[in-house]
There are 2 protein chains.
Amino acid sequence: MSKVYKALADPTRRKVLQLLRERDMNAGELAEHFDFAKPTLSRHFAVLQEADLIQGTKLGNQIIYRLNVSVLEEALLGMLEMFKISGSSEQAMAQDGNGRAL
Amino acid sequence: MSKVYKALADPTRRKVLQLLRERDMNAGELAEHFDFAKPTLSRHFAVLQEADLIQGTKLGNQIIYRLNVSVLEEALLGMLEMFKISGSSEQAMAQDGNGRAL
DNA sequence: TTTGTATTTAGCTAAATAGCTAAACATCAT
DNA sequence: ATGATGTTTAGCTATTTAGCTAAATACAAA
C-alpha cells in the first residue's frame, strides 16, 4: 500500500491522474500533455499501474489508460483516517485545546 | 507544496506524524519508537520541518517537536480537492456511469 | 571548567529515481 | 511481406535518498 504514496509523490504522476479523472486516454494522448520523452512517461504509467491507481487495456494498436477511482479514493480517505482528520466522517471533528482530534 | 507529498511518501515520516498527533515529543522520545540511528531520524525530522509539517522548538537541552496540524490537514484536504473526491464537501458526490465525479 | 546528555552536521555508501536515446515489439494498413 | 504507428524494454547517466559512523555543537550539571 506504500506504493500508492510513492506514486502520488511525483507531480507528473499526479497530473496524469488528474487527466484521467476527466476521461480515459491512451498513452500517446497523455504524453501530449507533457514535455518528456515517451519512455519516461511510459515508466510513470507503469509506476501508477503497480500502485493499482490506473489500469491499462490494450485496444488494437494502443493502450487505453483508465483511472482506478476507488483505489485513489480509498488511499486518500485512508490517509485522512490515518491522521484522524475529519473528511470522511459526517460528525464534526472533536478537538482538544491544541487543535488535535480526540 | 510538493515537499509535503514527498515528506508523506516515507513510512517512517508518516509514523512520526502519527506519534506527534497524540502529543508533542522531543527528538529522543520520538527516536525510541524506531530502530534507526539518531542521525537518520534527525534527517527525517528535518524533511518534515522543511515541508512545514512539524515544528521544532529548542527547550534547554532538547528540541520539542510539534505537529503542524493545519498544514497536514490542508495538504490532505487539498489532495482530495485536487482529485475532486468528496471528503471535504458535505453534499454527496455526483457520479457518472463510470464512477467518476462530475 | 569539566563532564555528560541531546541533537545535529559532515561525510560516506548503496539503492532508488527520473530523465534520455536507441532498439524491440505489436498491431494496423498497404 | 513492408512499412508506419504506438508503446514498451534495455541500458545508460545524474540526482536524490535513506541508512550508517564519527565528529561537532549546545546546553546542563557538577
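Below, chain A is the first sequence line, B the second, and so on; all start at residue 1.
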* To do: Kindly indicate whether a cation-pi arrangement holds for Arg14(B) with Tyr5(A), taking the cut-offs as under 6.0 Å to the six-membered ring centre and within 45° of the axis.
  => yes
### Query
Is any side-chain heavy atom of Thr12(B) less than 4.5 Å from a side-chain heavy atom of Phe34(B)?
yes
In this structure, CD of Glu32(A) is separated from CG of Leu41(A) (nearest 0.5 Å) by 11.5 Å
Once base and sugar-phosphate atoms are separated, protein heavy atoms under 4.0 Å mark nucleotides 25-30 of chain D, 5' to 3', with B, S and - as -SBS--
Fill in: Check: Arg13(A) side chain, Lys6(A) main-chain N or O, donor-acceptor pair, under 3.5 Å
yes
- Message: Any non-hydrogen side-chain atom of His44(B) less than 4.5 Å from a side-chain atom of Asp10(B)?
- Response: yes
The correct set of residues in residues 44-55 of chain A placing a heavy atom under 4.0 Å from DNA chain C is His44(A)
For residues 33-43 of chain B, the side chain to side chain donor-acceptor pair (under 3.5 Å) pairs (sequence neighbours left out) are none
query: So, the side chain of Glu29(A) versus the backbone of Asn26(A): is there a donor-acceptor pair under 3.5 Å, distance only?
result: yes
At less than 4.0 Å, is any side-chain N or O atom of Tyr65(A) found next to OP1 or OP2 of dG6(D)? Yes or no. no
What residues 27-39 of chain A contributes to the DNA chain D interface at heavy-atom separation below 4.0 Å is Ala27(A), Gly28(A), Lys38(A), Pro39(A)
Nearest heavy-atom contact between Val71(A) and Ala51(A) is CG1-O, 4.1 Å
Residues 49-64 of chain A vs side chain to side chain donor-acceptor pair (under 3.5 Å), sequence neighbours excluded, gives Asp52(A)-Asn68(A)
Taking every heavy atom of Ile54(B) against every heavy atom of Phe45(B), the minimum-distance pair comes out as CD1-O, 3.7 Å
Are Leu19(A) and Tyr65(A) connected into the same hydrophobic cluster when the rule is that any two of I, L, V, M, F, W, Y join if their side-chain heavy atoms are below 4.5 Å apart?
yes
Are the side chains of Ile64(A) and Met25(A) in contact, using a 4.5 Å heavy-atom criterion? no
Chain B vs DNA chain C, heavy-atom contacts under 4.0 Å, first-to-last nucleotide span, 5' to 3', is dT5(C) to dT9(C)
All heavy atoms of Ile63(B) vs all of Gly56(B), minimum pair found to be CG2-CA, 4.0 Å
Whichever of Ile64(B) and Lys6(A) has the more 5' nearest nucleotide on DNA chain C, that residue is Ile64(B)
